[in-house]
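Single-structure report; data block below.
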Amino acid sequence: MPAAFHVPSTIVTGAGASLELPAQLKRLGVRSALLVTDRHFAQNGLAERFVDLLERDGIAVSVFSDVQPDPTDRNARDGLQAFRESRAEAIVALGGGSPIDAGKAIALLAANPEPLSQYAGYHKVPHASAPLLAIPTTAGTGSEVTRVAVITDTERDVKMMILDTHLLPKVALVDFELSLSMPPALTAHVGVDTLTHAIEAYVSRKANGMTDPIALSCIRLVAEHLETAYNEPGNRTAREAMALAACQGGMAFSNSSVCLVHGMSRPLGALFHLAHGLSNAVLLPTITRFSLPGAEERYATVARVMGYASAADSDEAAARALAEGLESLNARLGITRLRDCKGMEAGRFEALLEKMAHDALASGSPQSNPVVPTAEEIVGLYRQVW
Ligand code: NAD
């Protein structure tokens with residue numbers, strides 16, 4: 001089957017890449033921008049630094065910083081209002097996946113009618129969005145290079161996945177220096193998110209010849225550098241490698257797909273406000289074990305790339321070693337079981353299992369998994385990770 005490959009037309013990587021923002025805006029003919037970020041960056045001075053940078057170059061800039069982690073349709077609506085009031089010509093999203101996804105939703109709504117929920121799913125956006133430039137600060141989601149936005153529908157308590165080529169940023173400025181301030185727990189969560197993107201892209205039924213090498217490169221970088229970034233937050237080599245890995249993981253899954261881990265992870269984010277990377281991380285070993293029979297050879301390759309198995313091991317043994325290796329990696333990164341995560345409560349979890357299984361299947365992601373589960377199997381898997 002033919003497979004298309006979509007990424008931003010400009011991706012700048014390396015120390016100081018974010019300082020290219022004024023030049024990139026000018027290249028696009030943009031004279032005014034709305035900077036979309038979150039409160040953390042509004043308070044710690046980073047947003048202000050970018051405002052100064054743009055103003056020094058004669059580019060008018062307004063700031064919208066009311067994006068919450070796991071952004072909502074309300075954040076997008078408020079941001080759209082700020083965009084219209086500022087009369088900006090483009091959006092600059094600065095932050096982790098949350099501000100970048102909010103920026104994508106605002107850019108989409110600037111050119112397409114509300115409500116946002118009508119675009120949930122695949123390829124439903126009729127008109128090109130307003131121009132968007134993305135500057136990631138976590139090395140995790142890869143949203144800076146994906147054609148995906150994840151926005152919570154506050155009426156239905158569902159994390160909507162919107163996938164459309166119109167969501168692609170025009171420019172991604174991947175500056176690992178902005179990720180140096182991440183504390184260890186955040187580094188771990190977003191790092192396993194990156195790993196999950198690449199593993200799922202590689203084992204997906206939509207994997208293709210363009211995404212495979214990028215996914216494997218991402219997996220290798222994570223295996224070699226995530227634990228160093230976690231243990232030594234100031235290690236520039238590890239941070240640079242993880243920023244590249246996140247970008248590659250995003251390119252891989254955006255042009256292949258994510259699978260069951262992401263399908264089951266989003267309901268945990270929507271209903272229990274579990275951080276996205278953490279919910280992926282707690283699911284990854286168990287879902288890998290469940291999915292092994294559908295793509296044993298591919299999981300075995302992942303195990304060998306990660307150093308959990310050798311060429312001498314059979315595919316079956318290597319694939320099994322992967323599930324075990326991912327479990328030990330979680331333990332070394334301080335990632336606990338689901339029941340020990342903040343905000344999880346056994347009674348509510350049991351009561352919501354059917355809804356979570358339904359929402360996971362409705363997202364479309366589990367259908368790309370090497371083994372496609374039934375709703376009952378998803379309920380069983382949630383109980384296993386508990
Ligand atoms: P985030 O953007 O929600 O940020 C989490 C917290 O970390 C925030 O408080 C933020 O201020 C802080 N933070 C960010 N960068 C920091 C830094 N350098 N130093 C210190 N603190 C920092 O986290 P995220 O994991 O990057 O994004 C999660 C969101 O992205 C979820 O909603 C998830 O569903 C979505 N997502 C989107 C895609 C996509 O392709 N669009 C892919 C995966 C996940």
Side-chain angles (χ1 to χ4, degrees), residues 6-8 18 36-47 65-73 75-76 93-105 107-108 132 134-153 158-164 167-169 172 174-198 200-201 229 233-234 239 242-243 246-247 249-258 261-270 273-281 363 365:
H6 302 277
V7 290
S18 61
V36 174
T37 189
D38 64 18
R39 286 192 196 134
H40 172 75
F41 292 116
Q43 282 162 8
N44 82 348
L46 189 69
S65 59
D66 279 342
V67 178
Q68 67 193 73
D70 295 338
T72 65
D73 44 10
N75 293 158
L94 168 72
S98 296
I100 297 177
D101 283 5
K104 287 177 175 175
L108 184 162
L132 172 73
I135 307 177
T137 60
T138 55
T141 69
S143 178
E144 67 275 11
V145 292
T146 73
R147 49 187 178 147
V148 173
V150 185
I151 305 288
T152 300
D153 176 338
V158 168
K159 274 181 100 171
M160 297 181 280
M161 204 269 301
I162 309 173
L163 185 149
D164 195 289
L167 288 176
L168 264 186
V174 184
D175 185 345
F176 73 87
E177 291 190 326
L178 302 181
S179 71
L180 287 164
S181 53
M182 280 199 296
L186 181 61
T187 302
H189 300 165
V190 298
V192 181
D193 188 24
T194 290
L195 178 62
T196 308
H197 292 156
E200 294 214 293
R239 290 297 197 187
M242 285 307 301
C247 189
M251 284 194 265
F253 91 75
S254 177
N255 292 287
S256 167
S257 79
V258 286
V261 176
H262 274 77
M264 290 178 62
S265 171
R266 289 187 211 104
L268 293 171
H273 301 290
L274 207 58
H276 174 74
L278 177 59
S279 59
N280 276 345
S363 75
S365 300

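Order of listing sets the numbers, starting from 1, for every ligand and every atom in it.
Contact annotation: for Met182 versus ligand 1, heavy atoms closer than 4.0 Å belong to both the backbone and the side chain. Of all the heavy atoms of Thr141, the ones lying under 4.0 Å from any atom of ligand 1 are found in both the backbone and the side chain. No part of Arg266 comes within 4.0 Å of ligand 1, judged by heavy-atom distances. With a heavy-atom cut-off of 4.0 Å, Asp38 touches ligand 1 through its side chain alone. Contacts between Leu178 and ligand 1, counted as non-hydrogen atom pairs separated by less than 4.0 Å, involve the backbone only. Residue contacts with ligand 1, taken as heavy atom pairs separated by less than 4.0 Å, involve Val148 via backbone and side-chain atoms alike. Heavy atoms of Thr137 found under 4.0 angstrom from ligand 1 belong to the backbone as well as the side chain.
Under the 4.0 Å criterion applied to side-chain N and carboxylate O atoms, Arg39 and Asp66 are assigned as salt-bridge partners.
Counting all heavy atoms, side chain and backbone alike, Thr37 lies closest to Ala47 at CG2-CB, 4.1 Å. Summarising the geometry of Gly103 relative to Ala93, their closest heavy-atom pair is CA-CB, 4.5 Å, with the distance given to 0.1 Å. Nearest heavy-atom pair, Val148 versus Ser143, reported as atom, atom and distance to 0.1 Å: O-OG, 4.2 Å. Residues Thr137 and Gly96 share a closest heavy-atom pair of OG1-N, 3.2 Å. Contact between Ala246 and Gly140 at its shortest, heavy atoms only, is CB-N, 3.3 Å. Here the shortest heavy-atom pairing between Ala139 and Val190 reads O-CG2, 3.4 Å.
Those atoms of ligand 1 that come under 4.0 Å of a heavy atom in Phe253, given as number and element, are 40 (O), 42 (C). Distances below 4.0 Å separate heavy atoms of Gly96 from the following atoms of ligand 1: 2 (O), 26 (O). Atoms of ligand 1 lying under 4.0 Å from any heavy atom of Phe41, numbered from 1 in the order shown and given with element: 14 (C), 15 (N), 16 (C), 17 (C). Per-residue contacts place Thr146 under 4.0 angstrom from the following atoms of ligand 1 (heavy atoms of the residue considered): 39 (C), 40 (O), 41 (N). Those atoms of ligand 1 with a heavy atom of Pro99 less than 4.0 angstrom away are 2 (O).
Nearest-residue assignment for atom 34 (O) of ligand 1 (options Arg147, Lys159, His189; heavy-atom criterion): Lys159. Comparing heavy-atom distances from atom 5 (C) of ligand 1 across Leu186, Thr187, Val190, Val258 singles out Leu186 as nearest. Nearest-residue assignment for atom 37 (C) of ligand 1 (options Thr138, Ile151, Asp101; heavy-atom criterion): Asp101. Heavy-atom proximity to atom 2 (O) of ligand 1, evaluated over Gly191, Ala275, Ser98, Ser279, is greatest for Ser98.
The nearest protein atom to atom 33 (C) of ligand 1, hydrogens excluded, is given as His276 CG, 3.5 Å; this is a heavy-atom distance. Of all protein heavy atoms, the one closest to atom 23 (O) of ligand 1 is Gly97 N, 4.2 Å. With respect to atom 21 (N) of ligand 1, the closest heavy atom belonging to the protein is His40 NE2, 3.5 Å. Among protein heavy atoms, atom 32 (O) of ligand 1 sits closest to Asp70 OD1, 2.9 Å. Given atom 17 (C) of ligand 1, the protein heavy atom at minimum distance is Ser181 OG, 3.4 Å.
The shortest N/O to N/O separation between Ser143 and ligand 1 falls below 3.5 Å.
Proximity of Ser265 to ligand 1 is not established, as no heavy-atom distance is less than 4.0 Å. The shortest heavy-atom distance from Pro71 to ligand 1 is under 4.0 Å. Taking 4.0 Å as the cut-off, His197 counts as a neighbour of ligand 1 on heavy-atom distance.
Side chains of His6 and Ser254 form no contact here, defined as non-hydrogen atoms less than 4.5 Å apart. When side chains are defined from C-beta on, Val7 counts as touching Asn255, because their heavy atoms get closer than 4.5 Å. The shortest side-chain heavy-atom distance between His40 and Asn44 falls under the 4.5 Å cut-off.
For the residue pair Asp193 and His276, a side-chain donor N or O sits within less than 3.5 Å of a side-chain acceptor on the partner. Judged purely by distance below 3.5 Å, without hydrogens or angles, the side chains of His262 and Asn280 pair a donor atom with an acceptor atom. Between Arg239 and Thr187, the side chains place a donor N or O and an acceptor N or O closer than 3.5 Å (distance only, hydrogens not considered). Side-chain contact check for Lys104 and Thr146: at least one donor-acceptor pair (N or O, by modelled atom type) lies under 3.5 Å.
In this structure, the separation between CG on Leu178 and CZ on Phe41 is 7.5 Å, given to the nearest 0.5 Å.
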